[in-house]
Amino acid sequence: MEIYWDAFINGFNGTLNYTWRSILFQVPWYTNYFWGLISISLIVWLLEFLFPWRKDQSVFRTDFWLDAFYMFFNFFVFAIVIQGIYNLLGVGFRELGITAQSFAVLHLNHWPIWAQLLLFFVLLDFVQWLTHIALHKFPLLWRFHQVHHSVKEMGFAAHLRYHWMENILYKPLKTLGVMLLGGFEPEQAYMVHFAAITIGHLNHANIKLTYGPLKYILNNPVMHLYHHAYELPKGSFGVNFGISLSLWDYLFKTNHLPEDSGTITLGYDGDTKMPKGFWGQSLHGFGKRKG
Ligand SMILES: [Zn+2]
Ligand SMILES: [Zn+2]
């Protein structure tokens, strides 16, 4: 029993310490997600200010501060709380003989670093695209994902407005993805994580950006705005599910971009019932279904 308790405490303390040391600049700059997230946010915010797509949208748009709070909550507070539980599960699986290396189909050690990182990025993005579709398809999961779709005015910080359950729901396939690649992240995986944060921030930013012909590969603000559209094509449960890459939507024909004015209504049928504050939204999705 003690190894479980130790794993739990070590996970909790380890993440808490790392976050604290990040705030104090005591970790290598390239793995400092705390100041990294703040820097990326300030840069994208400045770009929104300089090159706004919807010119009449306030720099402090509706729910700006709520979303700013979500950013720190989902990235740091929740990560600290949950790491102990993940470590505990890790011990449980190890006791059953399942380790991070059990399902390895590829051994990347001898690949060049750039190829390791590229594969890591593409595979992780694909499993997240699949998870995102599940969040839209299954009513029980959609209730949690509604929090992200309750954004009525789009700006970069909306990227990290999502129900804390999503952290958990994305985890199984992400873990499986890492396991298939040998069970460990490449040492330079921080590059992939920072790229994903930047692309995600831009996807939600009030900037008209499509990357030219690269739009068929990279997700972008124009495409993702239509993921948040109130009106969906008839009979569909969602479009443009891409996270960092739009490629999967083009490959599997879930892409949809009827126009690019940027002024469409956002949300979903029933979004007026979404609680306005963080705590109400955190409980949304549990209990009896009210609509
Ligand atoms: Zn969605
Ligand atoms: Zn979004």
Side-chain angles (χ1 to χ4, degrees), residues 37 40-41 44-45 48 53-54 57 61-64 66-71 73-75 125-171 173-174 195-210 215 218-233 236-250 252-257 260 262-271 274 281 284-285:
L37 181 63
I40 295 170
S41 299
V44 177
W45 198 21
E48 282 189 336
W53 183 6
R54 291 168 294 281
Q57 182 172 308
R61 63 176 174 82
T62 316
D63 291 337
F64 178 87
L66 172 72
D67 293 349
F69 177 77
Y70 263 109
M71 208 149 81
F73 179 85
N74 276 325
F75 238 75
D125 190 71
F126 179 66
V127 294
Q128 291 185 87
W129 178 79
L130 283 178
T131 308
H132 190 189
I133 289 185
L135 292 179
H136 279 263
K137 181 146 182 67
F138 302 110
L140 270 178
L141 305 185
W142 167 238
R143 298 268 298 151
F144 296 123
H145 191 49
Q146 280 173 346
V147 171
H148 183 63
H149 282 267
S150 68
V151 174
K152 296 299 281 182
E153 211 173 16
M154 192 57 78
F156 79 92
H159 175 205
L160 298 173
R161 182 201 299 188
Y162 53 82
H163 198 288
W164 57 269
M165 271 295 286
E166 286 201 26
N167 291 309
I168 295 175
L169 295 167
Y170 272 99
K171 189 77 178 174
L173 282 184
K174 268 163 82 175
I197 297 171
T198 308
I199 297 170
H201 265 39
L202 286 170
N203 287 343
H204 293 85
N206 181 23
I207 307 169
K208 192 175 183 184
L209 194 65
T210 51
K215 68 181 174 193
L218 277 181
N219 199 5
N220 55 72
V222 179
M223 189 151 184
H224 194 66
L225 191 75
Y226 285 85
H227 175 66
H228 283 264
Y230 190 97
E231 287 226 26
L232 291 170
S236 121
F237 59 84
V239 295
N240 304 353
F241 297 103
I243 310 286
S244 293
L245 300 177
S246 56
L247 176 73
W248 315 120
D249 287 310
Y250 284 108
F252 296 96
K253 307 266 183 301
T254 46
N255 60 307
H256 180 67
L257 204 57
D260 62 0
T263 54
I264 47 162
T265 306
L266 307 180
Y268 58 90
D269 186 17
D271 59 8
M274 176 60 70
Q281 293 184 355
H284 181 79

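First listed ligand is number 1; within each ligand, the first listed atom is number 1.
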Checklist entry - Going by distance alone, is a donor N or O of one side chain under 3.5 Å from an acceptor N or O of the other, for H132 and H148? => result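 No, because no side-chain N or O of H132 sits under 3.5 Å from a partner of the opposite role on H148.
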
Checklist entry - Regarding H163 and H145, is there a side-chain donor-to-acceptor distance under 3.5 Å anywhere? => result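 The criterion, which ignores hydrogens and geometry beyond distance, is not satisfied for H145 and H163.
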
Flag [X] as yes if one of its N/O/S atoms falls below 2.8 Å of the Zn ion (ligand 2), otherwise no.
{"X": "H204", "value": "yes"}
{"X": "H228", "value": "yes"}
{"X": "H148", "value": "yes"}

Item to check | N/O/S atom name from H145 that is nearest to the position of the Zn ion (ligand 1) | outcome: NE2

Next on the checklist: Which residue in the set N203, I264, L266 passes side-chain contact (heavy atoms from CB on, under 4.5 Å) when paired with M154?
Outcome noted: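 Of all the options given, the one that passes is L266.
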
Checklist outcome for this item: Nearest heavy-atom contact between T254 and W248 is OG1-O, 4.4 Å

Item to check | Angular separation of NE2 (H132) and NE2 (H149) seen from the Zn ion (ligand 1), to 10° | outcome: 170°

Item to check | NE2 (H136) to the Zn ion (ligand 1) to NE2 (H227) angle, given to the nearest 10 degrees | outcome: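 Seen from the Zn ion (ligand 1), NE2 and NE2 are separated by roughly 100°.
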
Item to check | NZ/NE/NH1/NH2 to OD/OE distance under 4.0 Å, D260 and K208 | outcome: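 Yes, this pair counts.
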
